[in-house]
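From a predicted model like this one, the values you see are computed outputs, not experimental measurements. FYI, side chains are in, hydrogens and waters are out, and symmetry mates aren't considered; it's all heavy atoms of this structure.
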Amino acid sequence: MRLACWLVMFAGCCSLTAGIEPISTSIAVGMAAALTGFLASYQNVLYYFHECCRPEWISFNKTGLKYDLDTKLYGQHVAAQVILKAVTGFMKNENPKKPLVLSLHGWTGTGKNFVSQLIAENIYEKGMSSSFVHLFTATAHFPHEMHINTYKSQLQNWVKGNVTICPRSMFIFDEMDKMHPGLIDSIKPYLDFYDSLDGVSYRQAIFIFLSNAGGENIVQVALDFWRDGREREEMQLKDLETALSLSVFNNRNSGFWHTGLIDKNLVDFFVPFLPLEYKHIVQCGLSEMVSKGHVPDKEVVEMMAHDLNYFPKEERVFSMQGCKVIPSRLDFYV
């Protein structure tokens, strides 16, 4: 009804301003009713306007993301620091020179997918369910190497179409270590320093790549710190980033293998996710109990955590499975 009234006033006002006869009230009301019906039939149109096309509806704030990283992400002080600074700086910049491109690396269960979810929840009202968050997995969306050229064309069109609708779109590519080499190069122009391409600007978009590639290098650095008697929290991005980027670039099983994204420095940060320790598994377990509606029971969680596999075999320092298996494993102990 409010929309109908607004259109009535708008129609009359514009007609008078233009110096022609005003549109009759009945015609204006009819136009408003027709448009209102159309929008009701296509609720996504209203959603686009509400959440993305008006910047004030983007719900990002630094405090919210910092709180989530501090209280929900365990054992990843390096990743948390890098992601907070990168995302906060990018979202505060009203005119970035290029899209934000993050590449998250580490073993399964260390928190890569979870961090992507936290970022989405702090930018979009509907989080991962937002129409502006697009998740691709290599095995589900790009399974056959013989169709690589078709996938390239489809991916280009999908990215271009969605950024045209919403410049603040987010694209997440999971299983990059299973991605066919060369596929990601198809969207390389969209990640570069261009004001616009064919009338579309990609500079406000976010691209996040998730990969197990480079995980061995990260584990080796963590082991070296532990064997040297150094605290885990002493590790910094500089201790991991160079070895990580080189290992990913030269890995034939990586979707980044000899890709232009790396040699053109289009990836803003290679973010390492460290292997988790026993105490982090316990923290994940307690959080999972709360999410399942149980009263957190440390004794139960410790029993579950103790039964998981750790390495080195004798010292049992780092978890081999991380937190990914906890939701299913915990049901056995509760």
Is [Y] close to [X] at the side-chain level, that is, under 4.5 Å between some pair of heavy atoms?
| X | Y | answer |
| --- | --- | --- |
| Glu288 | His294 | no |
| Tyr74 | Ile281 | no |
| Ile83 | Phe269 | no |
| Val200 | Tyr190 | no |
| His105 | Phe209 | no |
| Lys152 | Leu183 | yes |

Write down the atom of [X], the atom of [Y], and the distance for their closest heavy-atom approach.
| X | Y | value |
| --- | --- | --- |
| Leu191 | Leu266 | O-CD2, 3.9 Å |
| Phe142 | Met179 | CD1-SD, 3.5 Å |
| Ile208 | Met170 | CD1-SD, 4.2 Å |
| Phe114 | Lys72 | CE2-O, 3.2 Å |
| Pro272 | Val78 | CG-CG1, 3.9 Å |
| Asn212 | Trp107 | OD1-C, 4.1 Å |

May I ask you to check whether Gln117 and Asn113 show a side-chain donor-acceptor distance below 3.5 Å?
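Gln117 vs Asn113: no donor-acceptor pair found between side chains.
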
Using atom types as modelled and distance alone, determine if a side-chain donor or acceptor of Glu145 lies under 3.5 Å from a backbone N or O of His180.
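Pair absent, no side-chain N/O of Glu145 close to backbone of His180.
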
Taking only residues two or more places apart in sequence or in another chain, which ones pass ring-ring contact (aromatic ring centres under 6.0 Å, His included) with His147?
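For His147, the residues satisfying ring-ring contact (aromatic ring centres under 6.0 Å, His included) (neighbours in sequence not counted) are His144.
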
Classify the ring geometry of His134 against Trp158: parallel below 30°, tilted from 30° to 60°, perpendicular beyond 60°.
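Perpendicular, since the angle between the ring planes exceeds 60°.
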
Can you label the angle between the Phe171 ring and the Phe136 ring as parallel, tilted or perpendicular, going by 30° and 60°?
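Aromatic pair Phe171/Phe136 classed parallel.
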
Please determine whether the number of non-hydrogen atoms from other residues, nucleotides or ligands lying under 6.0 Å from atom [atom1] of [X] exceeds 12.
| X | atom1 | answer |
| --- | --- | --- |
| Trp226 | CH2 | yes |
| Lys298 | NZ | no |
| Asp198 | CG | no |
| Glu94 | CD | no |
| Tyr67 | OH | no |

Any ion pair linking Lys112 and Asp174 (charged N to carboxylate O, less than 4.0 Å)?
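Answer for the salt bridge query: no.
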
Give me the one residue out of Leu100, Leu84, Val87, Asp68 that meets side chain to side chain contact (heavy atoms under 4.5 Å, CB included) with Ile119.
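The side chain to side chain contact (heavy atoms under 4.5 Å, CB included) with Ile119 is passed solely by Val87 among Leu100, Leu84, Val87, Asp68.
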
